[in-house]
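To start, the structure itself, in structure tokens.
Chain letters run A, B, ... following the sequence lines, proteins first, then strands; residues in each count from 1.
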Amino acid sequence: MNQIFLNNDTVAVARALLGQELTYSDGHTQYQGLIVETEAYLGERDAASHAFKGRRTIRNEALYGPRGSIYVYTMRGLFLLNFITEAKNKPRGVLIRGLEPTAGLAQMIQNRHGKTGAELTNGPGKLTQAINLHTLAYNGQQLGSVPLNLSRQQIQQPQLIRALPRIGVPNKGRWTEANLRFVVWGNPYVSKMPKSAIDWQNRGWQNEKTNHG
DNA sequence: GTGATGATTGGCT
DNA sequence: GCCAATCATCACG
């Protein structure tokens with residue numbers, strides 16, 4: 001299993017995932033992208049979590065799986081991708097909210113019906129559509145035991161990680177306010193990144209080496 | 001470029 | 001029936 005998940009701390013995992021490369025093959029195209037935005041969901045006590053107050057159903061069962069396993073759920077016909085971050089029966093995880101594409105770009109544009117640039121992958125439902133991940137079959141499986149995986153090493157190092165409130169969590173008091181969303185500051189594939197803050201040169205990474213166009 | 005709104009699928013009460 | 005860890009689109013200015 002990837003070393004990241006040995007942190008035993010959901011927030012630490014959410015931060016450590018930034019700059020990691022996600023890889024997925026749909027059997028036709030190999031898709032890759034750097035993770036630029038994540039959200040932490042802290043289990044039974046977190047009013048925004050699907051496991052709030054210990055709720056456990058067939059639908060969210062994969063949230064109770066072991067660290068490093070996959071939790072996918074649908075919402076309004078979209079698929080949202082999460083990784084489980086702590087021990088079995090501790091329903092905590094990280095939602096992947098933004099990707100900077102590094103492979104499979106042309107097919108992503110097609111999957112997204114001609115959308116380009118940040119609109120390709122700057123949202124949790126958008127990125128799964130871009131990489132053609134539309135199945136619940138990986139639920140409960142370990143990353144790497146299926147065609148979905150993380151690169152072994154950190155590919156890029158963020159210059160600055162900012163912690164901000166999560167998106168789509170209204171009327172939940174301190175859980176609405178909590179800074180549990182983590183972003184690579186300046187990266188254009190982050191939801192609602194102010195245009196004035198976008199770093200067009202390095203996209204928020206240290207020592208940018210490659211140019212993806 | 002920001003904010004409001006309608007679309008729309010499936011799970012749960 | 002209701003509501004959701006969303007998205008696309010359309011008014012603005």
Closest to side chain of A:Gln129, choosing from B:dC12, C:dT6, C:dA8: C:dA8
Residue A:Lys195, side-chain atoms from C-beta onward, closest of C:dA5, C:dA8, B:dG1: B:dG1
In whole Å, what is the span from the CH2 atom of A:Trp175 to the P atom of C:dA5? 15 Å
Mind checking A:Arg181 for me? I need base, sugar-phosphate or nothing, with any heavy atom below 4.0 Å counting as a touch. nothing
Which of the following nucleotides, C:dA5, C:dA8, C:dT6, is nearest to the side chain of A:Ile167? C:dT6
Option among A:Asn60, A:Asn139, A:Leu78, A:Leu80 that satisfies the side chain to side chain contact (heavy atoms under 4.5 Å, CB included) test with A:Tyr73: A:Leu80
Among B:dG11, C:dT6, C:dA8, which nucleotide sits nearest the side chain of A:Arg59? B:dG11
Do A:Leu22 and A:Leu148 have side-chain heavy atoms sitting under 4.5 Å apart? yes
Do any side-chain nitrogens or oxygens of A:Thr57 fall under 4.0 Å of OP1 or OP2 in B:dC12? yes
Rounded interatomic separation in angstrom, taking CG from A:Asn82 and P from C:dT6: 11 Å
Is the aromatic ring of A:Tyr73 within stacking range of C:dA5, meaning centres under 5.5 angstrom and planes under 30 degrees? no
Tell me yes or no: between the side chains of A:Tyr71 and A:Tyr41, is some donor less than 3.5 Å from an acceptor? no
Heavy atoms from C-beta onward define the side chain here; which of C:dT6, B:dC12, C:dA5 lies closest to that of A:Leu63? C:dA5
Take atom CZ of A:Arg76 and atom C1' of B:dA7, then tell me their distance rounded to the nearest Å. 9 Å
Return the value, rounded to whole Å, for the distance between atom CD of A:Glu61 and atom C1' of B:dG11. 15 Å
Salt-bridge contact A:Glu61-A:Arg56 (side-chain N to carboxylate O under 4.0 Å): yes
Under 4.0 Å, heavy atoms only, any strand: does A:Leu80 hit a base, just the sugar-phosphate, or nothing? sugar-phosphate
Taking only side-chain nitrogens and oxygens of A:Lys192, does any of them come within less than 4.0 Å of OP1 or OP2 of B:dG1? no
Pair partner, C:dC2 [Watson-Crick or wobble, under 3.5 Å]: B:dG11
Are the side chains of A:Phe5 and A:Pro66 in touch, meaning some heavy atoms are under 4.5 Å apart? no
With respect to the side chain of A:Pro124, which nucleotide from C:dA5, C:dC7, B:dC12 is positioned closest? C:dC7
d(CG, A:Asp46; C1', C:dA5) in whole Å: 10 Å
Atom-pair distance (CZ on A:Phe52; P on B:dT13), nearest Å: 14 Å
